[in-house]
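The structure appears below as structure tokens.
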Amino acid sequence: MSSTRHRTLGGGGHHVLDHLRRTQAENPSFFYAIQGDNDHTCGNILWVDDTSRLNYTYFGDTVIFDTTYRRNCYRVPFASFTGLNHHGQPVLFGCALIFNESESSFIWLFQTWLRAMSDRCPISISADPDHLIQMAVTKILPETHLRFNKWSIFKETQEKLAHIYQSYPTFETEFKKCINETETSSEFESSWVSLLERYFVKGNEWLQSMYSARQQWVPVYMRDTFFGELSITEGSGGLNSFFEGFVNASTTIQMLIKQYEKAVASWNEKELKADYDTTNTKPILKTPSPMEKQAANLYTRRIFMKFQEELVETLANPATKIEDSGTVTTYRVAKFGEDHKAHTVSFNSFETKASCSCQMFENSGIICRHILAVFRAKNVLTLPSQYVLKRWTRNAKTGVVLEDRASELPNNSGGSLSVRYNNLRQEAIKYIEEGAKSIHVYNVAMDALQEAEKKVAAAKRKSPTATADGALGNGGNKDLHAAGDTQTVACQSADEKEKRIRELTTELESINQRCEVYRANLLAVLRDMEEQKLKLTVKVQNARLSLKE
């Protein structure tokens, strides 16, 4: 169990708070909160920007709560909520400074973060093994599957069993093999008992405690839950790499905001680059399968490459029918020469549904080679829709994302300024994303927005404030009537100014978007130039060698 720890903001803390206040003043949809601390010197701080909120609507199915600062003794207690976007890249869901580590503090943190995310709970959350975090997740996210970071457990095991690691050099390899390579719970149980007996550690308290918590960190027990991992080796150095290279043990609180902004900008740029590569370059197809061509058009580039890897492996993993009950057929799928690693696939021909004992689809959202081998045997030529997870597709960010948003607002009246601003802004973003795709859709979206602008202007004139002003202007006194006319002209002038500001803002956003695309294009061109330069250099060197010979 972790002990309660207290830290203080120090002199640089006000720099962070000032930044949060300024950001919220500029953007009402920016959210931050400080845990009950009147002088703001040691209260925990949470902040979530509007981009993080929007990303959460698309990719909030699995979350990583990263507290690397605790393991690596950072100067700043900086934690983050992150996830994975449609390219498998880290995406930010919020940040925190945790000065007071206690059960109540973590409960406040998760409760406040969940409120910022409109109370939408993730399917799963990964965190470092810690009793305080576990208690908070159990209370605030009772339906969310908590997974402990196994790499932290490996590291701590090495520290706890240093004498074993020194006396038996093979222990570490066999320990990790027991965790990572067992295919079933019974196989793990057998392997674990055998391991403890061979190295005479059956009575070790640390290993006993880890065994008791096995369902929260041993992969075989969590394969039926979505975590979005694309390979077993990912995250081997920690839970997430969003701030890797930007925030580390030497980062001071005075440097934090600058480094935070650099990390956000860097990953935004990487996502743009991945978007560009997905849209503007064609992957090399390795089979004549219509399913491969279909997947190439559906998935982002990285996800397609993972799917392609599974599809190609079906050539070495034949499916053998072992049982047929009519509607459901059971197959045994194993790689040539590896019959001991066979998997079982049940296939429902009526619904074109399959389930595999490896549970790769349930865990990662990408269909496995074993099911694909059965599809190949049954002549299923295209991917059934239920096996295409939208969050991995190139269209992951399209469509309605503000589910049940109206129910959040009291009496559907629009709620607070912050809520109204955030809702309208996110709706506008959808029009921008869709409208930019083609000139036809652009023209339709622009006409719709101009029509909406007229309706908003008319609504403003009919608002309670406008009505009251009109009543004053319609009185019998000529002076009052003149004042009303002057006020009407002033309102019209203000409306025209607001309209012009909106037009300029829209134009600026459009220019910024084009600049981002040009920037991504330029990066791609520069990369291609470097590759061509390298190839030419190699050719010149080879030519010189040939001449010498």
Side-chain angles (χ1 to χ4, degrees), residues 61-62 86 88 123-124 145 182-187 219-232 283 285-300 302-396 399:
D61 42 17
T62 184
H86 51 323
I123 294 171
S124 62
H145 193 121
T182 48
E183 298 286 348
T184 64
S185 57
S186 58
E187 185 184 349
V220 73
Y221 291 99
M222 297 178 290
R223 285 182 177 162
D224 61 346
T225 303
F226 181 79
F227 288 98
E229 288 184 336
L230 303 181
S231 76
I232 196 170
L285 302 183
K286 297 182 179 180
T287 75
S289 168
M291 190 181 289
E292 184 181 17
K293 187 175 182 181
Q294 174 198 14
N297 293 326
L298 285 172
Y299 290 125
T300 60
R302 185 182 178 193
I303 304 306
F304 167 71
M305 290 176 68
K306 179 62 180 172
F307 169 83
Q308 186 182 56
E309 177 187 332
E310 296 300 310
L311 184 66
V312 170
E313 280 295 322
T314 62
L315 299 173
N317 286 266
T320 305
K321 185 189 298 185
I322 59 176
E323 187 180 341
D324 192 344
S325 63
T327 305
V328 178
T329 310
T330 305
Y331 290 83
R332 186 176 181 274
V333 183
K335 191 170 185 177
F336 287 116
E338 296 184 3
D339 289 345
H340 61 290
K341 292 185 178 180
H343 286 276
T344 303
V345 176
S346 297
F347 177 68
N348 186 318
S349 56
F350 181 74
E351 299 178 348
T352 322
K353 286 186 178 180
S355 60
C356 180
S357 58
C358 80
Q359 296 184 302
M360 176 176 162
F361 180 74
E362 289 81 356
N363 191 255
S364 69
I366 300 172
I367 199 166
C368 67
R369 63 193 66 179
H370 314 113
I371 292 179
L372 289 173
V374 171
F375 282 173
R376 188 163 170 262
K378 297 294 290 184
N379 205 30
V380 178
L381 299 179
T382 58
L383 268 176
S385 59
Q386 63 263 33
Y387 294 107
V388 180
L389 217 60
K390 186 179 179 182
R391 62 112 57 238
W392 290 135
T393 67
R394 54 180 67 196
N395 295 322

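In this chain, numbering begins with 1 at the start of the sequence shown.
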side-chain contact (heavy atoms from CB on, under 4.5 Å) assessment of V380 paired with F347: CA-CA 11 Å; V380 178; F347 177 68; 4.2 Å; yes
M291, CE atom: more than 12 neighbouring heavy atoms under 6.0 Å: yes
Side chain to side chain, L389 and F226, heavy atoms closer than 4.5 Å: yes
Sequence-distant partners of E187, side-chain contact (heavy atoms from CB on, under 4.5 Å), two or more places apart: T182, E183, T184
V388 and Y299: CA distance, side-chain angles, deciding distance, side-chain contact (heavy atoms from CB on, under 4.5 Å) verdict: CA-CA 9 Å; V388 180; Y299 290 125; 4.3 Å; yes
From OG (S355) to CG (D224), nearest 0.5 Å: 12.5 Å
Could you list the donor-acceptor pairs under 3.5 angstrom formed between side-chain atoms of residues 358-367 and any protein atom two or more places apart in sequence or on another chain?
from: N363; atom 1: ND2; to: M222; atom 2: O; distance (Å): 3.3
from: N363; atom 1: ND2; to: T225; atom 2: O; distance (Å): 3.1
from: S364; atom 1: OG; to: M360; atom 2: O; distance (Å): 2.9
from: S364; atom 1: OG; to: I366; atom 2: N; distance (Å): 3.3

Plane angle bin for H343 and H370 - parallel if under 30°, tilted between 30 and 60°, otherwise perpendicular: tilted
Geometric class of the Y387/F375 ring pair [parallel <30°, tilted 30-60°, perpendicular >60°]: perpendicular
Distance (rounded to the nearest 0.5 Å) between H145 NE2 and F227 CZ: 4.5 Å
Stepwise side-chain contact (heavy atoms from CB on, under 4.5 Å) check, D339 with R332: CA-CA 9 Å; D339 289 345; R332 186 176 181 274; 3.8 Å; yes
Check: L315 main-chain N/O paired with R369 side-chain donor or acceptor under 3.5 Å: no
Atom pair CD/CG of Q294 and L383 - distance to nearest 0.5 Å: 5.0 Å
Set of residues satisfying side-chain hydrogen bond (donor to acceptor under 3.5 Å, both in side chains) with respect to D61, sequence neighbours excluded: R391
Donor on one side chain, acceptor on other, T287 and E292, under 3.5 Å: yes
Inter-residue atom distance T320.OG1 - I322.CD1, 0.5 Å rounding: 8.5 Å
Shortest non-hydrogen contact between V220 and S185, atoms and distance: CG2-N, 3.7 Å
Exercise: identify the closest heavy-atom pair between A296 and R394: O-NH2, 3.0 Å
Closest non-hydrogen atom pair between A396 and H86, with its separation: CB-CB, 3.8 Å
CD on E338 to CG on N317, rounded to 0.5 Å: 8.0 Å
Chi angles and distances behind the side-chain contact (heavy atoms from CB on, under 4.5 Å) call for K321, T329: CA-CA 7 Å; K321 185 189 298 185; T329 310; 3.6 Å; yes
Under 3.5 Å: donor-acceptor pair, side chain of T344, backbone of S357: no
Side chain to side chain, E313 and K335, heavy atoms closer than 4.5 Å: yes
Smallest separation among heavy atoms of A334 and P318, with atom names: O-CD, 3.4 Å
Distance (rounded to the nearest 0.5 Å) between D324 CG and Y331 OH: 7.0 Å
Shortest non-hydrogen contact between S124 and T62, atoms and distance: OG-OG1, 2.8 Å
